Number of protein chains: 2
Amino acid sequence: MAPARDSSSLLREAGLRATAARVALLNALCATHKPLKAAELRRSAGRGMDLVTVYRAMDALEKAGLAKRIGVDRTSASWEFAHRAHHHHLVCRGCGELEDVGECAVEGLEKRVLGKSKRFASVSDHSLEFFGTCRDCASAARAA
Amino acid sequence: MAPARDSSSLLREAGLRATAARVALLNALCATHKPLKAAELRRSAGRGMDLVTVYRAMDALEKAGLAKRIGVDRTSASWEFAHRAHHHHLVCRGCGELEDVGECAVEGLEKRVLGKSKRFASVSDHSLEFFGTCRDCASAARAA
DNA sequence: TCCCTATTGCAAATGACTTGCATAAGCATA
DNA sequence: TATGCTTATGCAAGTCATTTGCAATAGGGA
Ligand SMILES: [Mn+2]
Ligand SMILES: [Mn+2]
Ligand SMILES: [Zn+2]
Ligand SMILES: [Zn+2]
């Protein structure tokens, strides 16, 4: 999708060195619609690199606001490209299938939540995930 | 708070053996308002037990619906007593300070989210956390 | 092109959680 | 209350994602 030149610019505009590893990872991230785990990112990057490099690069991309860490899986992290509107996810408890949920009815709530709190000075963001069962898992369960 | 007798009954009503470890853990969980990590639970239980026992017991309590796992900390799980109304949390990015958020404006959304999805058969629940800065961390930051 | 500094690879360390197996309780029953 | 089957626990070892230390390498401004 996004040509390498774009990723390089994005990186430099974000104040990061446009290293080969970061460019490849950012391209991989843009090329797909779904969140990718560290190992998947390395594979998708199509360029040999150490897993440690993936972790360090994703840390950098995350801090720079280019990638967003998704905590949907309890045992491992995944990231998605951050230049997309704020959204949430619908996740299948059976197979991990994941779908974007565009709607966010929570945004206005942050202020109200802060207003009701005595101990907090500010609320900056939130995470919201919906869990359920996808059609495939539902029919598999029915068949069993 | 809850006397040992209560925890034993709760456990047995949930179809679990009321072992000493589980009773102590459930008591510890009821005695506090905040989610506890595995190591904290063991300490609070006031009774020597292996960490493995904590994990296995919390698994059991969770499946039985007596405890709820909280995923607020990326590096470790914590649990809170489950016999409380559905609620969410406000978490301090600085120190981990945590506060209950009673309000849930999301409940009605589950149906709408399911309605908009083509690949999902059902939505069973959701997780919602608010992140921000507590007053202490805010003034500490100001002082620095 | 040169130099300084940020980044990478490799190897080793962490740390939360799991698993296997033998022993010690629960608790239903007699 | 004693018995016996079944499940829970302790201990030791294993797993696995993620982190850290350090020397070698490669961005990119001058
Ligand atoms: Mn998404
Ligand atoms: Mn709570
Ligand atoms: Zn939102
Ligand atoms: Zn809710």
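Note on naming: letters A, B, ... go to the chains in the order of the sequence lines (proteins, then strands), and numbering restarts at 1 for each one. Here the structure is a predicted model, which means the values were calculated and not measured.
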* **Between P of C:dT7 and CG of A:L25, the distance in whole Å** => 14 Å
* With a 4.0 Å heavy-atom cut-off, tell me which residues in residues 57-83 of chain B come close to DNA chain C, sorted by residue number. => B:T75, B:S76, B:A77
* To do: Could you list the residues that satisfy side-chain hydrogen bond (donor to acceptor under 3.5 Å, both in side chains) with A:R119, not counting sequence neighbours?
  => B:E97
* Donor-acceptor contact present, side-chain A:T133 to main-chain B:S122, <3.5 Å -> no
* Which residues satisfy the ring-ring contact (aromatic ring centres under 6.0 Å, His included) test with B:Y55, sequence neighbours excluded? -> none
* **Which residues share a side chain to side chain contact (heavy atoms under 4.5 Å, CB included) with B:D136, sequence neighbours left out** => B:C134
* Taking only residues two or more places apart in sequence, or in another chain, which ones meet B:R112 in a side-chain hydrogen bond (donor to acceptor under 3.5 Å, both in side chains)? -> A:E103
* **Connected hydrophobic set around A:V52, excluding itself, where side chains approach under 4.5 Å** => none
* In chain order, what residues pass the side-chain hydrogen bond (donor to acceptor under 3.5 Å, both in side chains) check against A:H86, with sequence neighbours excluded? -> A:H88, A:H126
* Structure fact -> Residue set satisfying side-chain hydrogen bond (donor to acceptor under 3.5 Å, both in side chains) with A:S78, at least two apart, ordered chain then number -> none
* **Close approaches to DNA chain C from residues 38-52 of chain A, in residue order (heavy atom, under 4.0 Å)** => A:G48, A:M49, A:D50, A:V52
* Distance below 4.0 Å between A:Y55 side-chain N/O and D:dT19 OP1 or OP2 -> no
* To do: Not counting sequence neighbours, list each pair that qualifies as a salt bridge (Lys or Arg N to Asp or Glu O under 4.0 Å) and has a residue in residues 64-76 of chain B.
  => B:K37-B:D73, B:D59-B:R69, B:E62-B:R69
* To do: Could you encode protein contacts along nucleotides 22-30 of chain D as a string, one character per nucleotide from 5' to 3', using B for base contact, S for sugar-phosphate-only contact and - for no contact, with a heavy-atom cut-off of under 4.0 Å?
  => -----BS--
* Just grab all the salt bridge (Lys or Arg N to Asp or Glu O under 4.0 Å) pairs involving residues 78-93 of chain B, residues at least two apart or on different chains. => A:D125-B:R93
